[in-house]
Amino acid sequence: MRREHFDIAVIGGGPAGLAAATVASEKGAKVALIEREPSLGGILKQCVHDGFGVIRYDQKLTGPEYAQKEIDKLNKNETTKFLLTFVTKITKRSSDFVIQFVNRSGADEIEAKKIILATGCRERTSKQIGVHGTNPAGVLTAGTAQNYVNLQGLMPTRKCVILGSGDIGLIMARRLTLEGAQVVGVYEAKSAPGGLTRNVVQCLKDFNIPLYLSHTVTKVFGVDRLNAVEISKVDDKMNPIAGSEQIVECDSLILSVGLIPENEIAKQLCVPLCPYTKGAVVDQTLMTLTDNVFSCGNALHVSDLADYVSESGEIAGAMACAKIKNRNLVNVTKNKNLLYVVPQKINLDAPLDETVFYFRVAEEYENAKLTIYADEKVVFSKKYVHLRPPEMERLKLNLEAYSDCHGFSFVLEVGV
Amino acid sequence: MKELICIACPNGCRLTVDEKTNAVSGNKCLRGEKFALKEITCPTRSLTSTIATVFDDCPVISVKTDGEIPKDKIFSVMKELKKIKVEKRLKIGDIVIANVADANVNIVATKNM
Ligand SMILES: Cc1cc2nc3c(=O)[nH]c(=O)nc-3n(C[C@H](O)[C@H](O)[C@H](O)COP(=O)(O)OP(=O)(O)OC[C@H]3O[C@@H](n4cnc5c(N)ncnc54)[C@H](O)[C@@H]3O)c2cc1C
Ligand code: SF4
């Protein structure tokens with residue numbers, strides 16, 4: 001069998017994959033971009049609200065507008081696009097990879113020297129959060145509701161309860177209200193909202209939609225179709241408090257209980273994953289611990305801004321074209337006040353001049369101080385007035401002076 | 001004194017406005033000050049939504065107001081969007097409804113069909 005050969009295969013045509021493919025093509029690589037849907041843009045196609053591109057374009061764009069800008073950039077270069085094409089398996093060989101996929105003409109394969117995984121993330125479902133009761137229609141994720149309303153023009157609900165205060169849930173609370181549905185309330189088990197503060201303001205407060213913190217859904221009722229849910233208060237360990245139950249009538253329960261990086265292909269390739277991000281462990285070039293396999297965008301770690309997703313795609317695209325001869329990896333460790341730091345490794349033999357770090361805090365903190373050490377030397381320190389887990393932080397550092405160190409550590413001190 | 005959250009960018013700065021002197025604090029940039037002063041006099045928002053089309057491959061098209069509208073006009077603009085069906089293939093920026101609900105803004109497409 002003769003397979004077409006590429007320098008780089010990018011899996012996923014969302015903003016991460018688009019940016020990776022654009023940069024790699026600009027650098028002269030022969031690139032294949034593979035996307036399972038009929039058009040490029042990824043999840044942005046259904047995000048009709050605005051707020052994208054504030055950093056990258058200094059403009060408030062809607063999701064489809066942001067995606068179109070990225071697609072236009074891609075189209076300035078030669079890239080082989082495979083649409084309606086689902087990657088089923090990638091196999092590593094001694095010096096390259098075989099990518100198996102299915103599309104309308106059946107199953108086929110291509111070869112590539114390097115792989116960039118830009119497969120995005122998926123939403124947690126009710127199975128993963130343990131709601132009891134019947135299994136009626138009307139329990140759906142916020143992303144599914146978003147797809148119905150914004151792409152198919154269908155209303156999945158007249159009266160709903162939203163469980164979880166992630167950004168997509170907040171945005172859908174507003175969207176469904178605008179379209180005439182009644183959103184009884186947004187219920188969040190944690191004691192702080194999961195989404196950005198601005199979304200609590202412009203999606204809930206603006207429309208008088210109540211937000212109940214430290215509350216969760218404990219039961220669903222209904223035989224064919226959901227007709228009510230049971231809401232309970234929870235204690236500080238998020239366990240339901242007996243006696244606090246109340247029944248709320250509704251036809252739908254919409255879940256916005258978190259996003260997890262999509263890494264089925266990475267797992268097949270035995271790419272080690274990070275327990276904190278649930279994405280691949282990478283070095284600053286965004287190469288995973290499997291040589292020549294890169295990861296970017298929400299497949300790597302869930303970002304709250306598409307702008308950062310595009311940035312990580314660009315890093316992966318550029319680094320997949322760079323000549324990295326050696327991997328001399330040291331660890332980037334963190335203390336417990338930090339939820340995660342990406343990258344988790346630094347390759348001391350790769351470019352260190354522009355190293356981009358993304359991190360999230362474990363809890364909300366006021367007056368915290370971050371210090372980054374290379375062994376015992378202080379590389380960087382910064383005071384933050386306010387840090388919240390939903391808001392990812394980004395830092396760009398020059399690590400050239402530390403190319404002989406044994407490891408980096410991120411230490412966040414709180415209450416300083 | 002009034003406490004506000006700036007919604008002009010994802011930073012979500014916590015602002016304090018003195019209604020008497022119009023002094024704003026807590027903003028990381030000038031947009032925050034502009035936002036606060038408008039919010040205490042005439043709060044405005046941009047609106048994004050969808051409009052039904054006649055096309056099977058694209059049953060709705062995403063749209064936005066090309067400027068901000070007073071907050072209390074949001075639902076009257078939504079009502080106008082429900083009244084029409086797009087019959088022409090549109091591109092990003094094409095005007096779908098001019099001067100919608102007399103709010104001095106246009107409804108424009110945000111997607112290439
Ligand atoms: C429902 C939902 C709503 C969101 N809303 C927002 C928002 O409002 N604002 C925001 O900033 N962020 C939002 N996000 C986060 C959003 O995912 C990122 O901003 C951004 O779109 C991530 O880009 P990406 O390229 O990493 O992933 P995606 O945009 O998800 O793109 C991944 C692409 O990979 C393709 N793919 C996956 N597996 C395969 C395979 N095996 N073969 C072929 N193709 C494959 C998918 O079809 C998809 O097109 C949302 C996420 C979700 C899930
Ligand atoms: S003040 Fe400036 S930085 Fe802060 S949220 Fe508003 S626009 Fe963003």
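Throughout, protein chains are lettered first and strands after them, A, B, ... in sequence-line order, and every chain is numbered starting at 1. These numbers come from a predicted model, not from an experiment.
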Inset, instruction - Taking atom CG of B:Asp57 as the centre, report whether more than 12 heavy atoms of other residues, nucleotides or ligands fall under 6.0 Å from it. - result: yes
Inset, instruction - Tell me, out of B:Ala109, B:Gly12, B:Cys9, B:Cys58, who's got the most heavy-atom pairs with chain A below 4.5 Å. - result: B:Cys9
Inset, instruction - Return the option, out of A:Asp50, A:Leu196, A:Asp304, with the maximum number of heavy-atom pairs under 4.5 Å with chain B. - result: A:Asp50
Legend entry - Inter-residue atom distance A:Glu65.CD - B:Asn112.CG, 0.5 Å rounding: 9.5 Å
Legend entry - B:Asn27: side chain to side chain contact (heavy atoms under 4.5 Å, CB included) partners, not counting sequence neighbours: B:Leu15, B:Val24, B:Glu33
Inset, instruction - Measure distances from A:Arg388 to the heavy atoms of chain B and classify the residue's part below 4.5 Å as side chain, backbone, both or neither. - result: neither
Inset, instruction - Among the options B:Ala8, B:Ala52, B:Ser49, pick out the one with the most heavy-atom pairs lying under 4.5 Å from chain A. - result: B:Ser49
Legend entry - Side chain, backbone, both or neither of A:Val149 within contact of chain B (heavy atoms, under 4.5 Å): backbone
Legend entry - Step-by-step side chain to side chain contact (heavy atoms under 4.5 Å, CB included) determination, B:Lys64 to A:His49: CA-CA 8 Å; B:Lys64 68 174 181 186; A:His49 58 277; over 6 Å; no
Inset, instruction - Under 4.5 Å heavy-atom distance to chain B, tell me which part of A:Thr177 shows up: side chain, backbone, both or neither. - result: both
Legend entry - Spatial distance of atom CZ (B:Arg14) from atom OG1 (A:Thr197) [nearest 0.5 Å]: 7.5 Å
Legend entry - Heavy-atom neighbours of B:Phe55 CZ exceed 12 at 6.0 Å: yes
Legend entry - Contacts with chain B made by residues 206-213 of chain A (heavy-atom distance under 4.5 Å), listed by residue number: A:Asp206, A:Phe207
Legend entry - Gap separating the CG atom of B:Leu81 from the CD atom of A:Glu179, nearest 0.5 angstrom: 8.0 Å
Inset, instruction - Please indicate whether A:Lys369 has more than 12 foreign heavy atoms, meaning atoms of other residues, nucleotides or ligands, lying under 6.0 Å from its NZ. - result: no
Inset, instruction - Give the minimum heavy-atom separation between A:Lys60 and B:Ser46, together with the two atoms involved. - result: NZ-OG, 4.3 Å
Legend entry - Spacing of NZ belonging to B:Lys82 relative to CG belonging to A:Leu178, to within rounding of 0.5 Å: 8.5 Å
Legend entry - Exercise: identify the closest heavy-atom pair between B:Lys111 and A:Leu151: NZ-CD2, 4.4 Å
Legend entry - Proximity breakdown for A:Leu154 and chain B, heavy-atom pairs closer than 4.5 Å: neither
Legend entry - Salt bridge A:Lys205-B:Glu39, side-chain N to carboxylate O under 4.0 Å: no
Legend entry - Heavy-atom pair with the smallest gap, counting every atom of A:Glu391 and B:Asn11: OE1-O, 4.2 Å
Legend entry - Main-chain N/O of B:Ile5 paired to A:Arg198 side chain as donor or acceptor, under 3.5 Å: no
Legend entry - Side-chain H-bond candidate by donor/acceptor type, B:Thr48 with A:Arg174, under 3.5 Å: no
Inset, instruction - Could you walk me through whether A:Gln46 and B:Ser62 pass the side chain to side chain contact (heavy atoms under 4.5 Å, CB included) test, one step at a time? - result: CA-CA 9 Å; A:Gln46 69 183 54; B:Ser62 55; over 6 Å; no
